[in-house]
Number of protein chains: 2
Amino acid sequence: MARSNTLVSLQSDRCSECPIRHRAVCARCESDELAQLEEIKFYRSFAAGQTIVWSGDDMDFVASVVTGIATLTQTMEDGRRQMVGLLLPSDFVGRPGRASAPYDVTATTDVVMCCFRKKAFEEMMLSAPVIGQRLLQMTLDELDAAREWMLLLGRKTAREKIASLLAIIARRDASLKLANAHGSLTFDLPLTREAMSEYLGLTLETVSRQMSALRRDGIIVTETKRRILIPDFDRLLEETGDDSDGGFLV
Amino acid sequence: MARSNTLVSLQSDRCSECPIRHRAVCARCESDELAQLEEIKFYRSFAAGQTIVWSGDDMDFVASVVTGIATLTQTMEDGRRQMVGLLLPSDFVGRPGRASAPYDVTATTDVVMCCFRKKAFEEMMLSAPVIGQRLLQMTLDELDAAREWMLLLGRKTAREKIASLLAIIARRDASLKLANAHGSLTFDLPLTREAMSEYLGLTLETVSRQMSALRRDGIIVTETKRRILIPDFDRLLEETGDDSDGGFLV
DNA sequence: AGCCATGGTTGATCTACATCAATGCAGCAC
DNA sequence: GTGCTGCATTGATGTAGATCAACCATGGCT
């Protein structure tokens, strides 16, 4: 969730030494106050394609993604769908103080989540204010990401949208692997063309066409349909429409 | 910021008895712990059109809108602009723990804000956890609003976008006046066509055309260009594309 | 009053993306 | 091997909204 211009600073607020990965909910990473969280956590697994929570359902837990990819999606009555959240490992989902989720939470790949019963988590927040403080920071980061996403949806061209999404995923992926984002890098695209289109507010055909166009122009190389090589990350960034210093991280 | 299905519940988490209007930062409204906030607050006024903070500048205060309308806007290098926040009276702006704003904050009308030096506010958050808790709720509400906005930007038609924006403003306006939102109501549109287009990810021409179309279809009546009468709020809601139970509040 | 500035409307035309439709291609069951 | 089934690509055509451009309305100023 961290907004940052370098991979290093992104990395710095994640914990890679434990399954939960995020310091806000990881007892091994931070103060003793968080040790109590360790005692009430539990893990849940979901198969690819499985819906974790339906829009409107009660969500009686909060959770952190350990492995895999999940999405938050809103659906209109006539079936139009817009993704509004992309959860990668270490991302948090759930809202203390709110009963039901206003959108579907779906596992895009096989997913393992580290969960806490909401009630227990809320009590913990009261007794250990550091958890709430950390959660506020994470929520503010997510709000920044959502606003960057709004710029993408409202004003970017299809090509810019695709380039932006690839840059986001490449960056997140690279940060987990501590790779160097300047220069070439390779990653697995964890989304189908359809999921990409729901992220970007496009149709899947347009996504496919623009992917082909970026391939023709040498911005990306598709080792397989899902495995992408970026020969020159800076060239990709030029296609995003963002000013050079940044872009966002979901 | 509150997400709710009725005007009453929206109203319930605002305070209309004091200039700050929002209980999170209003000493007269809630626990004694907040009384200390009263001592460090100060007011600032901005003229219509004035930029309150430039993107990238240091923002050394947090604030609550008392009267008037302000906007958060992101700008791309080539000048494309997308509004990412609309601040109506009682809305909060600023981020404890973050130095600079990533977007322009602009006064759309004359604005009065109730401000707190960021440093002092942060110290207060540490000593009075209730402030942080309240802020977390507000931020989560804003995140919900941002996600609803993403659906609008990514998937709604121009007509649906306009209807949605009018419904949002009408609802917010009605909630301040305790009016009945079912039936007819009148309000002042606090945005120019251009500002509306920046909110909706459209051009101002398209905004103008769709406003005319809604007028032709009897969904709205324009008493003047800026004063709107909604003869039947439910009919307007049908045009938004949202399912009947809601819509969002910025 | 006349003039100008600002914001708003409307028309003609263009184009990026959506839509409809066919084809490709990998993995898997049999 | 054959024939699925689920993604992905590519082509032909349609259209919502952008763009370019003219004109209108209101209000403030001299």
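Proteins get letters first, then strands, A, B, ... in listed order; numbering begins at 1 in each.
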Counting any heavy atom closer than 4.0 Å, what does [X] reach on the DNA or RNA strands: base, sugar-phosphate only, or nothing?
X	value
A:Thr157	sugar-phosphate
B:Thr192	sugar-phosphate
A:Gly49	nothing

How many whole angstroms separate atom [atom1] of [X] from atom [atom2] of [N]?
X	N	atom1	atom2	result
A:Arg209	C:dC17	CZ	P	11 Å
A:Lys161	C:dC17	NZ	C1'	9 Å
A:Arg159	C:dT15	CZ	C1'	17 Å
B:Met196	C:dT9	CE	C1'	14 Å
A:Lys156	C:dA16	NZ	P	18 Å
A:Gln210	C:dC17	CD	P	7 Å
B:Leu214	C:dT9	CG	C1'	15 Å
B:Met211	C:dG8	CE	P	9 Å

Determine, for [X] against [Y], whether the closest basic-nitrogen to carboxylate-oxygen distance falls under 4.0 angstrom.
X	Y	result
B:Arg235	B:Asp217	no
A:Arg147	B:Glu142	yes
B:Arg226	B:Asp188	no

Practice problem: Would you sort out whether B:Ser208 and B:Arg193 count as a side-chain hydrogen bond (donor to acceptor under 3.5 Å, both in side chains), showing the intermediate values? | Solution: CA-CA 7 Å; B:Ser208 186; B:Arg193 299 291 185 261; 4.9 Å; no
Exercise. Heavy atoms only: give me the nearest A:Pro190-A:Ile69 pair and the separation to one decimal.
Key: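 What the structure gives for the nearest pair is CB-CG1, 3.6 Å.
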Quiz item: A:Met83 and A:Ala195: which non-hydrogen atoms are nearest, and at how many Å?
Solution: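 In this case the closest contact between A:Met83 and A:Ala195 is CE-O, 3.3 Å.
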Quiz item: For the side chain of A:Thr203, counting heavy atoms from C-beta on, which of C:dT9, C:dT19, C:dG8 is nearest?
Solution: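 Looking only at side-chain atoms, A:Thr203 lies closest to C:dT19.
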Quiz item: Looking at C:dC17, C:dT10, C:dG7, which one has an atom nearest to any side-chain atom of B:Ser208?
Solution: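 Looking only at heavy atoms from C-beta outward on B:Ser208, the closest nucleotide is C:dT10.
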Practice problem: Identify the 5'-most and 3'-most nucleotides of DNA chain D with at least one atom closer than 4.0 Å to a non-hydrogen atom of chain A. | Solution: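 Listed 5' to 3', the contact boundaries are D:dA8 to D:dA12.
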Quiz item: Do the numbers put A:Arg171 on top of the ring of A:Phe187, so that NZ or CZ is under 6.0 Å from the six-membered ring centre and no more than 45° off the axis?
Solution: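 A:Arg171 over A:Phe187 ring: no.
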Quiz item: Would a 4.5 Å heavy-atom cut-off, applied to side chains only, mark B:Gln74 and A:Glu148 as touching?
Solution: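 Side chain of B:Gln74 against side chain of A:Glu148, heavy atoms only: contact under 4.5 Å found.
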Practice problem: Compare all side-chain heavy atoms of A:Leu88 with those of A:Val65 and state whether any distance is below 4.5 angstrom. | Solution: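 Not in contact.
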Quiz item: Distance check: side-chain N/O of B:Arg226 vs OP1/OP2 of C:dG7, anything under 4.0 Å?
Solution: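 B:Arg226 to C:dG7 OP1/OP2: no side-chain N or O under 4.0 Å.
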Practice problem: Mind grabbing the angle between the end helix axes of the helix from C:dA1-D:dT30 to C:dC30-D:dG1? Five pairs an end, 10° rounding. | Solution: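 The helix from C:dA1-D:dT30 to C:dC30-D:dG1 shows an end-to-end axis angle of 20°.
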